[in-house]
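Not measured: the values here are computed from a predicted model. Each chain gets a letter, A, B and so on, in the order the sequences are listed, and its residues count up from 1.
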Number of protein chains: 2
Amino acid sequence: MATIYDVARHADVSAATVSRVLNGRGSVDPTLTERVLAAVAELGYRRNAVARNLRKQQTSLWAVIISDVQNPFFTSMVRGIEDVASAAGCSVVLCNSDENPEKESKYIGVALSEQMAGVIISPSSDRTEDFNLLPDSGCPVVMVDRQVKGVRCDSVLVDNEHGAEEATTHLIEQGYERIACITGPRRLSTAAQRLRGYRNAFKAAGRPVDESLIRAADFREHGGHDAMAALLDAAGPAPDAVFVANNLMTVGAMECLAERGRVIPDDIALVGFDEIPWADLVRPSITTVEQPTYEEGRAAAELLAHRIANPDRALTQQTLKTTLRVRASSTRPTPLSP
Amino acid sequence: MATIYDVARHADVSAATVSRVLNGRGSVDPTLTERVLAAVAELGYRRNAVARNLRKQQTSLWAVIISDVQNPFFTSMVRGIEDVASAAGCSVVLCNSDENPEKESKYIGVALSEQMAGVIISPSSDRTEDFNLLPDSGCPVVMVDRQVKGVRCDSVLVDNEHGAEEATTHLIEQGYERIACITGPRRLSTAAQRLRGYRNAFKAAGRPVDESLIRAADFREHGGHDAMAALLDAAGPAPDAVFVANNLMTVGAMECLAERGRVIPDDIALVGFDEIPWADLVRPSITTVEQPTYEEGRAAAELLAHRIANPDRALTQQTLKTTLRVRASSTRPTPLSP
DNA sequence: TTGTAGGCGTTATCAC
DNA sequence: GTGATAACGCCTACAA
């Protein structure tokens, strides 16, 4: 590997001049500039970013620690982040924590040790201290999608509570009587908020919540499947509608219903949270609470860029709006008479 | 940020001793070891990986440059890579080239500048020289999924040609007459191989290939949609079956058929390549040529680990098997009389 | 405008 | 078994 000194020797200038040419700092005689550039090309010289980072005490790499690479919600968000990062001259590296707190801690450590310029994270755990390691070490952080109390960082969220309430209210208005809820792990803010929205809808309608119709699963496909099965197998009348608090679990629940031969929405209505990929190919089409995922990514990235530029600015929190998209899965097959 | 010298001062030893304790090299008096560890804990010391990398001339980071983070095929592969990397004590960072040769070049540059320990790449382009930058700079590389001629690296592929032939033969055997093919960009080996497999099937059956039924699109959903539309809009009788050379385009083609009110498989049969996510929710279920994606990831990662350990070993190429999964979309609704 | 020299934090080599 | 010391490649005062 050629170093800056090799280039300097080749161009018959000092290493400082090479550095100046490469970084466009200070002014350099056009003749020398040309010689340096020629030497760079000839030697195939490429700046050693590690040495540069050590000297400058920072990199131009952003770490994006996402809780599940296999969830299209996150990958779509990543696109938004990348677009902003690349406009800011930074590169994005993704780390997959896989909903696993250990992996998450590991990647926080990597971001810190590698002196990443900043971190965008969708938390898998509620380990406040792990997250605070970042701001405490002076590494800018933005949390996205999920909230962890007590972490000193900016965040980008969506109005989960409102979205869930709207979805549940929609089911109530359609005349469903036994509306179940499959939510996520209690430690995750999104699960808690969406469950709260579900409860709010009943309160607003002046109806009691049947606690036996609420299940907490793990936000994965399998969890949604099993929770649905448990709801169907429970004693008493089966639910006639279900609100599922994320996309993967919605898929799982649908698979369960298909296995049992339950027809949506005739036997049971369904509303999901998050966009279902290839929703248009799924029959019946699924009513969902949609999030502006690309925008969430952009917003998080812009927040990060601002904090990097100005580490002392006040902590901010952005909340984006969700949209209820009513489709076939929640439409009453036989309209109620008034 | 505490440095190794802060720790040394705190523990009243030299920096060299701290380093030895932290790296477990050489032998250190247990008393000193304890003092060092205590100082590390007290100061919240974390080794500066950048400095370490500079000194050691290498990192423990693997770059995985994938051509589309939104394609579940790749994300599933990533899981395989991560599992092997983490067993090897390395961390994986993902880079999304987004089927964009410019972005791909950029990330190759990043991997090189950041002195990554190795790179696993699913190429988006056929820029041989860009790829060869890596081995030429001594950076171990493994190519996965797609092949680029003339690149000096190991690779992991699947038997695309055979898989495509099997799929097409299946359609022929089902009695379809006008079997179309939607393949990918000609520059990508997978597209070329799958198209060749399609042709092979006709040759084996002693039937001519109707060139007007072949379309090349971009391996994205939109491309599949438009190619399907073009096939339907073309003069002459419409195809009665179609082989689509990747998963995203299969989704696009299905959307197009749904828009036009064409029923699968009654009006037109369909076989896709790659696994369709949530295939079980899609009606009708789709016949696919399935790849062992997780295994591809594992195999690539193991090849990379071997090459890192032994840079001079001979170049290898692994080819994994595909499996035709016959489902409803390609089953003749009205069996032919003999 | 150009060159010299010091230091970023670590590890490895050498004395002790 | 332990501690100085040099070097990894680069950037940036500072001096010329």
Side-chain angles (χ1 to χ4, degrees), chain A residues 1-37 39-40 43-61 89 109-110 112-117 137-139, chain B residues 1-37 39-40 43-61 109-117 137-139:
Chain A
M1 257 332 219
T3 74
I4 204 170
Y5 281 95
D6 298 323
V7 176
R9 204 172 310 121
H10 219 78
D12 198 24
V13 296
S14 74
T17 300
V18 177
S19 175
R20 279 190 278 260
V21 170
L22 262 30
N23 296 299
R25 307 183 74 84
S27 44
V28 181
D29 186 294
T31 317
L32 296 192
T33 301
E34 203 171 321
R35 259 160 46 199
V36 167
L37 262 18
V40 165
L43 296 172
Y45 168 78
R46 181 179 296 275
R47 168 166 64 201
N48 181 328
V50 177
R52 170 178 228 245
N53 296 341
L54 177 60
R55 178 62 230 261
K56 302 198 69 163
Q57 305 277 62
Q58 59 153 322
T59 63
S60 59
L61 249 37
V110 169
L112 237 25
S113 307
E114 299 285 344
Q115 319 268 103
M116 300 275 188
S137 308
C139 178
Chain B
M1 259 326 219
T3 76
I4 204 169
Y5 278 95
D6 298 323
V7 176
R9 205 173 308 120
H10 220 78
D12 197 25
V13 295
S14 74
T17 299
V18 176
S19 176
R20 277 191 279 260
V21 170
L22 263 31
N23 295 299
R25 307 183 74 84
S27 44
V28 181
D29 185 293
T31 318
L32 295 191
T33 302
E34 202 171 321
R35 258 161 46 200
V36 167
L37 262 20
V40 165
L43 296 172
Y45 168 78
R46 180 179 297 273
R47 169 167 64 203
N48 181 328
V50 177
R52 171 176 226 243
N53 296 341
L54 176 60
R55 181 59 235 251
K56 302 197 69 160
Q57 305 276 59
Q58 57 153 321
T59 62
S60 59
L61 249 39
V110 170
L112 237 26
S113 307
E114 299 285 344
Q115 319 267 101
M116 300 276 188
S137 309
C139 178

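Checking dT2(C), dG9(D), dT2(D) against the side-chain heavy atoms of L32(A) singles out dT2(C) as nearest. In the set dG9(C), dC10(D), dG9(D), the nucleotide with an atom closest to the side chain of Q57(A) is dG9(C). You'll find that the side chain of T3(B) is closest to dT10(C), out of dC10(D), dT2(D), dT10(C). With distances taken from any side-chain atom of S19(A) to the nucleotides dT12(D), dA7(D), dT2(C), the minimum falls on dT12(D). Here the nucleotide nearest the side chain of A16(A), chosen from dG3(C), dG3(D), dT11(C), is dG3(C). Checking dA12(C), dT2(C), dG9(D) against the side-chain heavy atoms of N48(A) singles out dG9(D) as nearest. Residue T17(B) has its side chain nearest to dT2(D) when only dT2(D), dG9(D), dT11(C) are considered.
Between the CD atom of Q115(B) and the P atom of dT10(C) there is a distance of 18 Å, given to the nearest Å. In this entry the distance linking CG of N53(A) with C1' of dT12(D) reads 16 Å, nearest Å. The distance from atom NZ of K56(B) to atom P of dG9(D) is 15 Å, rounded to the nearest whole Å.
No donor-acceptor distance shorter than 3.5 angstrom exists from the side chain of S137(A) to the backbone of C139(A), with no hydrogens or angles considered.
A donor and an acceptor atom sit less than 3.5 Å apart, one in the side chain of R20(B) and one in the base of dG3(D).
The phosphate of dT10(C) has OP1 or OP2 within less than 4.0 Å of a side-chain N or O from Y45(B). Under 4.0 angstrom from either OP1 or OP2 of dG9(D) there lies no side-chain N or O belonging to R47(A).
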